[in-house]
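Any value given below was found using the heavy atoms of this structure, including those in side chains, with hydrogens, waters and symmetry copies removed. Residue numbers begin at 1 in each chain, while the letters A, B, ... track the order of the sequences. Computed from a prediction, not measured in an experiment: that's the story for all the values here.
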Amino acid sequence: MISIARISTTLSGVTAAVGQLTSRISAGATGMVFIYSLLPLIFICSLFFGRYEVSPQHVLQILAAPVTDLVPGNLIQIEHTWTAAEENVIYQIRLPRLVAAVLVGAGLSIAGAAYQGLFKNPLVSPDILGVASGAGFGAALAILLSWNMAMIQVSAFCFGILAVTITYLLSRFYRTTPTLILVLSGIIVAAFFTALISLTKYVADPYEKLPAITFWLMGSLASVRYSDLLMVIPFFLIATGILLLIRWRINLLAVGDDEARALGIDTKRMGQVIILCSTLITASAVCIAGIIGWVGLVVPHLGRMLVGPDYTRLLPACLLLGACYMLIIDDLARMLTNAEIPLGILTAIVGAPFFAYLLSRKSVGWI
Amino acid sequence: MISIARISTTLSGVTAAVGQLTSRISAGATGMVFIYSLLPLIFICSLFFGRYEVSPQHVLQILAAPVTDLVPGNLIQIEHTWTAAEENVIYQIRLPRLVAAVLVGAGLSIAGAAYQGLFKNPLVSPDILGVASGAGFGAALAILLSWNMAMIQVSAFCFGILAVTITYLLSRFYRTTPTLILVLSGIIVAAFFTALISLTKYVADPYEKLPAITFWLMGSLASVRYSDLLMVIPFFLIATGILLLIRWRINLLAVGDDEARALGIDTKRMGQVIILCSTLITASAVCIAGIIGWVGLVVPHLGRMLVGPDYTRLLPACLLLGACYMLIIDDLARMLTNAEIPLGILTAIVGAPFFAYLLSRKSVGWI
Amino acid sequence: MILDVNQAGFRYDSVRMIFSGISFSLGEQEVLCILGPNGIGKSTLIRCLANLYPLCAGSIRLHDRDIRSLNYRDVARVIGYVPQAHEITFPFSVREFVLMGRAPHLGLFASPGKEDRTKADEAIGLVGIQKITDKPVNEISGGEYQLAMIARALAQEPEVLLLDEPTSHLDFGNQIRVLEIIDRLARDGLSVIMSSHFPDHAFLTSNNVAIMQHGSFMAYGLAEEVVTETNLKATYGVDVSITYSHDVERHVCVPHRSGQCRCRDPKQPEYSPKMAAMVPAMR
Amino acid sequence: MILDVNQAGFRYDSVRMIFSGISFSLGEQEVLCILGPNGIGKSTLIRCLANLYPLCAGSIRLHDRDIRSLNYRDVARVIGYVPQAHEITFPFSVREFVLMGRAPHLGLFASPGKEDRTKADEAIGLVGIQKITDKPVNEISGGEYQLAMIARALAQEPEVLLLDEPTSHLDFGNQIRVLEIIDRLARDGLSVIMSSHFPDHAFLTSNNVAIMQHGSFMAYGLAEEVVTETNLKATYGVDVSITYSHDVERHVCVPHRSGQCRCRDPKQPEYSPKMAAMVPAMR
Amino acid sequence: PKAAAGPVAHQTRTITDMMGNTVVVPQEVNRIVVTCCGGATHEVMVMGAADRIVAQPAKCIMPELKVMKPGFSSVTDAGSFDDINVEQIIALHPDVVIASVTSEKGNTKLREAGIPVVTVMTGRGNMSQMRSEFAMMGQLLGSGNQASSLNNYWETKLALVKERIAAIPANEKKRVYYMLGKTTHTNGGSWWGQEYVTAAGGINVAEELGTNRDTSLEQLVKWNPEVIIISSNEGTFIPIADVKNNAQLGSISAVKNNQLYECPIGSFWWDRPSPEAPLGIIWLAKTLYPEKFSDIDLKAETQDFYRTYYGYTLSDAEYEKFLNPQPATK
Ligand SMILES: Nc1ncnc2c1ncn2[C@@H]1O[C@H](COP(=O)(O)OP(=O)(O)OP(=O)(O)O)[C@@H](O)[C@H]1O
Ligand SMILES: Nc1ncnc2c1ncn2[C@@H]1O[C@H](COP(=O)(O)OP(=O)(O)OP(=O)(O)O)[C@@H](O)[C@H]1O
Ligand SMILES: [Mg+2]
Ligand SMILES: [Mg+2]
């Protein structure tokens, strides 16, 4: 059934989609080309920005150095005119941070788009089943118990998964419309864990733990390290890869459960796969970047406006747009003030008016 | 059209409803009788509980004293065996607190039920249009600017109203389904103000203001005074009164906009009245008790289970059940530990599982 | 004349006029049936008549007063509107649901009283759904819901009843039943405007029929004169036979069988014994 | 026989059996029309046949294999299901929508390729909606949506087509058009099971008709034998005339006019000159 | 001076910070970045290193500090706690970052960028921890003398107060309620408020709350404290009149007898741990037992402290302002 060639083609989701799309003329084709060129551009540009001034020339040289070093013989040689501090800033601070922004933005957007299809509801965001509140509580608890950084992340991740598991099991108790009841269970579980977060804050030491919990929850990429990235990258890649692979079939879910089953889709199994993947992505995102809202809600709409509702094009578009959006927001977070503005605040303050603007355009389609 | 006799009858909503209901046998009649006897019982009982021990006998004597003092001549005389501290605890601490619990519980439940009808959606709660986030931001800002307690309450109230106004004006921009777009605008405005709350927390001194903002938002009735009550009671009474008066017509809204208009209801005007009243109630509730969730969502469901969906009976039932629920939650908040558990936490931790339980019973009707 | 429509026109957006230049009058006891293809604007016209959308051109006069000068309540006392069935969120009982029809006769702050209850029960009796008065409206069948909506409109005590596809989703029996109720109501003094997809229904109840096409009334008049083979061909693009049936003593409208209808094909097996064995005895 | 149903029974809850003891077989090119009153279980039966609900009793055999032993995909390759029209959230284009019918023929991780696209376009051509292929499905009319769903089911290349009230909400012309498409498909080799509220439709397309009543098939057999005045009276409780019409060369089924149909009442004004003036020239 | 932070191998030494971490710092600490609040700046000042601060969070600078060190108003803000701008900090080429024990996330990132991070208790410490923190700071900033002098000062003053109150019988000790920014907000037994009140010879009525910090009005009435001290270092400023006129507190003897006091705010809150905490303790002891401390001139004491440790001449007017705190304005 599943040709290996096909898998490997699709695995590199982006490339595959580019190939498919540029080869046929469609309504969204120009939109896609636009999006594809955007990400590398913004990524490179973002490397030049930061409070620590590194001249553009140095940035390029620093980036090129490891490559040219590989070239055998001293054919190409870049003179090391930059300082160790500059190299440190580029490789240890900017690069991991930008990679994290790409992962988080792309992951949350894809998870959001997949959920909107699964729940047939364009107002759903990836934390609808309680993963963010769960992860938030996990982190808060870990901070309260003075666990170390790695443990905080692990705890956030695990509680995120736990919350979604509870939601899912809770929804199994009822025999009615599965998606509605799933959303309802999500609301309940999220509220419960949010209350637990409040409880943690309440019992937390206001000098020591409370600010830590509060700021952790606000979200930031300021102190992302390679080790953090390594921890979550496997989850991101696998979950995003699976969602990209089954993306055409999400279309069928979005049309309706019964119809999808009549078209040969095992909707229950597929729902589980989507929930699992989205949860892994969101939990990973929360655990390296804190609670970041709006991306998973706004970006899929933006994507739909550019390339239409077909998930074959929508998911790659969301991946790219989400990454770009997050890079820009993070650039803002770094550049606006000497200090850092928490990402969770910026995404909402930028995202909410942006969403309002999107809605005012007729092209949203579903409204 | 509007007979004065009718108004005055209905104004004392509860009494009127009792009259109407006991005189006719209906499915919900037993439910109503049960509810009506519940509130005075719980209210009286709650007066006996507290960290400061006052013997039941003294409680009764203290309560009776002002009444017997009114009786001319020394016909009935109660011996003043209680201490001034005891009298102070009963009249200055317990009574205003219980009154506040009744107001907040009844108000939020009525507002929630009215919104669920207006939006034809049983998952809507009174803060759907952003009033709670707005009020929260108002309070956070006032705390940040070191305003005094009264000013914090005024600021919370004003920003709550402001948030709903923005939501309403925003929704006017779009020409589509009014209720959907209103809810959407509400989501946007709420997210925006929530981000502003985070921003306030971010710029707040983590030792001085942050804990204050955090705890304020968690909600508490611990230090409600008569002066606080006086400030909000007019709003509560007027808004609740209006909602009770038009309660039968909310039925018509709940069926659908077009049908309601075809039945002679000016749906736009009526929507405005309901939004205004609910907003006044919720803003008042937030400003004396902080952000208290779940009451406005859970209690209407409880009411619907007991007396059915007809708002003629549902609103009085919500009023009473909400008051009882809040009294019980507040009793718990006072009694569980020798500190005070914030109300916002307790309502969610009790409310969420309770709601999950309600849903598992088939009788919810709309599911 | 209760309702006078004069050169009425309506548009949802600036792009396209849904209909324009529609004029007719509705007299007492008159039943007007509006026919027309999908999406031509039948429902829209009915909504305009119910004062739910304001006209963009022309006027609607109710008892010789412009409908725009009346408020919702005044209109609701004269016109009852029964939309196409839709889902309802809250489980009101059928009685509560029908009682809502009393709204235009009640003060702003009033709840329905004894008299209102009696009228609602009468309306329920009229459409014959007494058995389900206490059932929640979201647990009754589509046909029953349609009847409940008609009962609600009757509780409104209107002079004009507007019905949008009152028979859709109803089974054959319920269709006839609803049409008979409409007929009886008209005889009792109500004027009715209804839309339908079945030209045959026009012969069953209506005195007048209007055919909507290309944004206005292509034909308007007595059923027998308007529902003709030519008109139906022009409206729906299909061949129809209109014949007088002596069995039912009225005109009937039946579609032609398509060119070579396979089902009567002699090559087909006619009635295999195996199948016959599985079928219960015919009654 | 493609589909064998044997003593099938189903219940939603423990309270009530919706139907039981239903047996029939569906042959190639056969069209079976299911009639029955509202809420009797027609849609439920069709959903069971589509493998959406599992039977509680009896069995459904597809090509002699029990349907329970097959997965969704296997069933979807043989059976196409067209539900009653409903609202759709996302604005897929008609082409994307029809393309979804290719799902059972594609691997888990595959997107439709060129061949699939061709097949979808063929299906679109077959039902005749080429003009709207690029329109979003939530901006087309009910009739067009119904046709798009049929096209999707055809893109599925099934052997059996299950249609639930395929003509509801359609105008008279679209009704006939859908029935003709069904007829043509059956001639081309498909077997069809459809539910309907119109006994007349049975004469138009079907070879076999089943009448559902009291939780099972009250009658089952050739259209002319099953759709009788007695059976319809028993099913719907109304008087119907079944006569052979020479105009359309088939049996037709028309309801009786109610006792004293007011519309032919001589006391009524027949055709006032005022009204005539407003009506455009008859075509 | 934009000294290139190249790989110049300065001589280094090690410091054990308040988390118990061993931190390698340059021999000479000339550029200090502060990423926390809670009196860290004051400690640097006491060590005479205020001019070496190149960045500190603006929101943590107390108003009086800006008067004493006008330069603080314009110093860079590179973020606080976990919300730090690492690039900005690197760009400042600090020799050391003084950070809170609570912001491990930000601290780790700084360490990885090769910057030594020394953690301080930021208000979380008790008396003995404070003294070891001073010693550590002295060691870090090369001001061992100032550190031991400050520690001496603490010991002397605390001993003085302790000795005078030792004579007071247990049942005559004042029962104190520490009202912290909200009527029902206070400090249980495990907080600085407990140390503060006990060191001054009072009894913290809320001791039984332990790690809790909230109580109920009824509990407060039940405790019936003899003295209420009001602080706004958390929450909102409560004027004495508000407490006096609050009918809910009417039966409490502190209210009845007008024993209501606003805690002074110097360059730091006197009821919080900081170098000048002994002044607060003396103030409270003098307030509770005026007859026992009548010989101590708090004004002179304060001006003396400011001159010795902050190198600042405190005017009488400024001192008066300390004792009559007003709501802070941002
Ligand atoms: N709310 C709306 N906004 C914009 N256009 C609309 C709206 N409602 C209907 N339309 C359009 O107006 C036209 C007429 O619609 P209407 O529902 O009145 O048709 P109809 O004759 O009732 O059709 P049917 O027989 O299918 O019920 C259609 O083209 C439809 O797409
Ligand atoms: N999901 C469900 N859960 C429980 N009962 C149901 C459900 N769906 C339908 N029913 C009940 O099953 C019975 C049969 O419903 P079904 O929709 O199959 O009838 P139908 O013959 O298709 O009616 P109609 O002609 O009105 O479409 C009805 O009594 C209905 O109330
Ligand atoms: Mg219509
Ligand atoms: Mg059906």
Side-chain angles (χ1 to χ4, degrees), chain A residues 123 170-171 173-177 180-181 183-185 187-208 210-215 217-219 291 293-294 297 339-342 344-356 359-360 362 364 367, chain B residues 123 170-171 173-177 180-181 183-185 187-208 210-215 217-219 291 293-294 297 339-342 344-356 359-360 362 364 367:
Chain A
L123 290 180
L170 198 59
S171 77
F173 272 118
Y174 314 111
R175 298 176 146 254
T176 36
T177 354
L180 172 65
I181 208 74
V183 172
L184 265 176
S185 307
I187 294 178
I188 294 172
V189 170
F192 189 73
F193 276 102
T194 308
L196 287 184
I197 293 179
S198 289
L199 195 63
T200 326
K201 284 184 179 174
Y202 174 69
V203 298
D205 176 340
Y207 301 119
E208 185 178 346
L210 180 60
I213 295 174
T214 308
F215 292 129
L217 291 177
M218 283 181 193
I291 294 181
W294 283 94
L297 180 62
E340 288 262 348
I341 301 176
I345 297 179
L346 262 190
T347 47
I349 285 183
V350 175
F354 186 51
F355 194 56
L359 285 183
S360 75
K362 273 286 161 196
V364 187
I367 214 155
Chain B
L123 290 180
L170 198 60
S171 77
F173 273 117
Y174 313 111
R175 297 175 147 254
T176 35
T177 353
L180 172 65
I181 208 73
V183 172
L184 266 176
S185 307
I187 294 178
I188 294 172
V189 170
F192 189 73
F193 275 103
T194 308
L196 287 184
I197 294 179
S198 290
L199 195 63
T200 324
K201 284 183 179 173
Y202 171 69
V203 299
D205 177 335
Y207 294 126
E208 187 181 345
L210 179 60
I213 296 175
T214 309
F215 293 133
L217 292 177
M218 284 181 192
I291 294 181
W294 283 96
L297 180 62
E340 288 252 353
I341 301 176
I345 297 179
L346 261 190
T347 46
I349 285 183
V350 175
F354 186 49
F355 194 57
L359 286 183
S360 74
K362 273 286 161 197
V364 187
I367 213 150

For the student: nearest non-hydrogen atoms of A:Ala352 and B:Ile188, plus distance: O-CG2, 3.4 Å
Partners meeting ring-ring contact (aromatic ring centres under 6.0 Å, His included) with B:Phe192 (sequence neighbours left out): none
Any residue meeting side chain to side chain contact (heavy atoms under 4.5 Å, CB included) with A:Leu217, in chain and number order, not counting sequence neighbours: A:Ile197, A:Lys201, A:Ile213, A:Ile291
Contact class of B:Tyr202 relative to chain A, heavy atoms under 4.5 angstrom: both
Residue selection (most heavy-atom pairs with chain B, distance under 4.5 Å) from A:Ala348, A:Gly344, A:Pro342: A:Pro342
Portion of B:Ser198 that has a non-hydrogen atom of chain A nearer than 4.5 angstrom: both
Closest contact, heavy atoms only, A:Ile187 versus B:Trp294: O-CZ2, 4.3 Å
Top contributor to chain B contacts, counting heavy-atom pairs under 4.5 Å, from A:Thr194, A:Leu196, A:Val189, A:Thr214: A:Thr214
